[in-house]
Asker: 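Structure provided below as structure tokens; questions to follow.
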Protein chains: 2
Amino acid sequence: MCQSRQQAGRTAVPTTNNTSRISQRRKAAIAEGGPEYAAKRAKLVQTAAVVFREKGYTTATLNDVAERFGTDRASLYYYVGSKEDLLYECISTVLDANLEQGRRIAAGPGTVREKLTELVTLTLKSYEEHYPYAFVYIQEDMSHIAGRSTEWAEELVGKTHEFERLAFDLVSAGIQAGEFRSDLPTGLVTNGLFGMMNWTHRWFVPGHSKHDAAEIAGTFLSIFLDGMART
Amino acid sequence: MCQSRQQAGRTAVPTTNNTSRISQRRKAAIAEGGPEYAAKRAKLVQTAAVVFREKGYTTATLNDVAERFGTDRASLYYYVGSKEDLLYECISTVLDANLEQGRRIAAGPGTVREKLTELVTLTLKSYEEHYPYAFVYIQEDMSHIAGRSTEWAEELVGKTHEFERLAFDLVSAGIQAGEFRSDLPTGLVTNGLFGMMNWTHRWFVPGHSKHDAAEIAGTFLSIFLDGMART
DNA sequence: CCTACCGATCGGTAGG
DNA sequence: CCTACCGATCGGTAGG
């Protein structure tokens, strides 16, 4: 794709020029914490999520985002420092929410089956609630997006792994406790569960599909929990 | 990302200029059917598949492909008419193979469980065998890639739906025959199965992963078939 | 002086 | 098959 001259160069310096006048004004506006500014910034991120969902992150241009936002492309830089900033904002919101709830479920009371039921339901309801942010999160493979391991990409990949680990540990505990069958590799089982959940982004459009998140979660859980039951 | 002027325009005419000198020479070479030419063209498609897998189709440039192929970007047009041609070649090979085998399985003898076992095993072994073509097929969402409904995109989407329909009909037949439980929506069940299979592209690297296609297929089938069993 | 931008253009690269 | 380019557009920044 088209790269900025900073990326095109051989240096590994940050992509964004953080000393430009517009970036200084952006930082000042963020520091001030005006509620109007914050609201308009959040609205911009939402607009970006809609456009990224429609066209894909790399194919979508900042001009597409600006047009939908009803402003000029150059004006976006009053709110964000780069296109990647927009992607980060889209993803981190839903990811942080999922992770916090996931940790709470894992640490809470209940059997493995109950906790997995909560975790799967949370994931699909979060997808429904945080659409299209959640779509962008699943669609955009971080390892493909970030050419090199930037700090923010590593953070998002790390948090994704932590969430997956919550499920893996629950499956593992279920096998240990004798709730689940023990003849299948735990990693493959967990990957299969996430496959059912994450592939929804290709066919589930909240508000426009035949079934809602609760029904989808229920169906997947029926298959998974019965399929994993000790015979 | 950067779009060609044909796409940027409002017309629905083909992207490629098929009257250019290089395209006429390409057609002549294809018509002649020289084995050397065909072999080098196939090698180019394979190189493209490797690059598309690494960077993603839109992010990858023809210069990336040419560099890996050991030639100039402009020279690629002696073998293919456009970047989209390379994507089509990558995908149609694996898709046609899967569809042909899938039809044979569906039309053949056996119970629903036996046929689904064959279909899932075929899909994962095909992924393993046709990697990285198969990765590109799953990764690149056709509805995102083709801005408008081009002929080749429609063909690939149609064939994908036909393959999915084979599985849907098998699940449906299994419910009718009393082999499967009847309390879950057939569409969601089928989507869950394809989710398990297709999400492999995010974590399964043939030859570099802990488990092979047969083990993955066996694990998914154990969960799915036991989970779908009539209680 | 501030805010929220605009019109114009930068260096580079896209597919062809 | 390369050299030499095109019309268009990229993400990002300049001054006002």
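To find a chain, count down the sequence lines: A is the first, B the second, and so on, and within it residues start at 1. Predicted model, so just to flag it, every value in this text is computed and none were measured.
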Asker: Test of understanding: with side chain to side chain donor-acceptor pair (under 3.5 Å), list the residues that count as partners of B:Tyr137, not counting sequence neighbours.
Answerer: B:Thr160

Asker: Under a cut-off of 3.5 Å for both distances of each Watson-Crick or G-U pair, what dot-bracket string does DNA chain D give, using [ ] for crossing pairs and | for inter-strand pairs?
Answerer: ....||.|.||.|.||

Asker: I need the full list of ring pair (Phe, Tyr, Trp, His ring centres under 6.0 Å) pairs touching residues 80-107 of chain B, with sequence neighbours left out, sorted by first then second residue.
Answerer: none

Asker: Just compare C:dC5, C:dG15, D:dA4 and give me whichever is closest to any side-chain atom of A:Thr71.
Answerer: C:dC5

Asker: Please give, in whole Å, the distance from C:dG12 P to B:Asp64 CG?
Answerer: 18 Å

Asker: Going by side chain to side chain donor-acceptor pair (under 3.5 Å), name the residues that satisfy it together with A:Asn98, two or more places apart in sequence or in a different chain.
Answerer: A:Ser126

Asker: For C:dT3, does OP1 or OP2 lie under 4.0 Å from any side-chain N or O of A:Lys40?
Answerer: no

Asker: For B:Arg202, enumerate each residue passing the salt bridge (charged side-chain N to carboxylate O under 4.0 Å, His left out) test, keeping only those at least two apart in sequence or located in another chain.
Answerer: A:Asp141

Asker: Verify the neighbour count for atom NZ of B:Lys159: are there more than 12 heavy atoms of other residues, nucleotides or ligands below 6.0 Å?
Answerer: yes

Asker: Could you list the donor-acceptor pairs under 3.5 angstrom formed by side chains in residues 65-75 of chain A, with sequence neighbours left out?
Answerer:
unit_1: A:Arg68; atom_1: NH1; unit_2: A:Glu54; atom_2: OE2; d: 3.4
unit_1: A:Arg68; atom_1: NH2; unit_2: A:Glu54; atom_2: OE1; d: 2.8
unit_1: A:Asp72; atom_1: OD2; unit_2: A:Ala74; atom_2: N; d: 2.7

Asker: Does A:Ser75 make a side-chain N or O approach to OP1 or OP2 of C:dC6 shorter than 4.0 Å?
Answerer: yes

Asker: With sequence neighbours left out, what residues match A:Glu140 under side chain to side chain donor-acceptor pair (under 3.5 Å)?
Answerer: none

Asker: Checking A:Tyr37 now: which residues fulfil side chain to side chain donor-acceptor pair (under 3.5 Å) with it, not counting sequence neighbours?
Answerer: none

Asker: When you measure from every atom of DNA chain C, which of residues 29-37 of chain A have a heavy atom less than 4.0 Å away?
Answerer: A:Glu32, A:Tyr37

Asker: Can you measure A:Leu62 atom CG to D:dT13 atom C1' for me and round it to whole angstrom units?
Answerer: 13 Å

Asker: Does OP1 or OP2 of C:dC5 have a side-chain N or O of A:Tyr78 closer than 4.0 Å?
Answerer: no

Asker: Tell me whether the OP1 or OP2 atom of D:dG11 has a side-chain N or O from A:Tyr77 closer than 4.0 Å.
Answerer: no

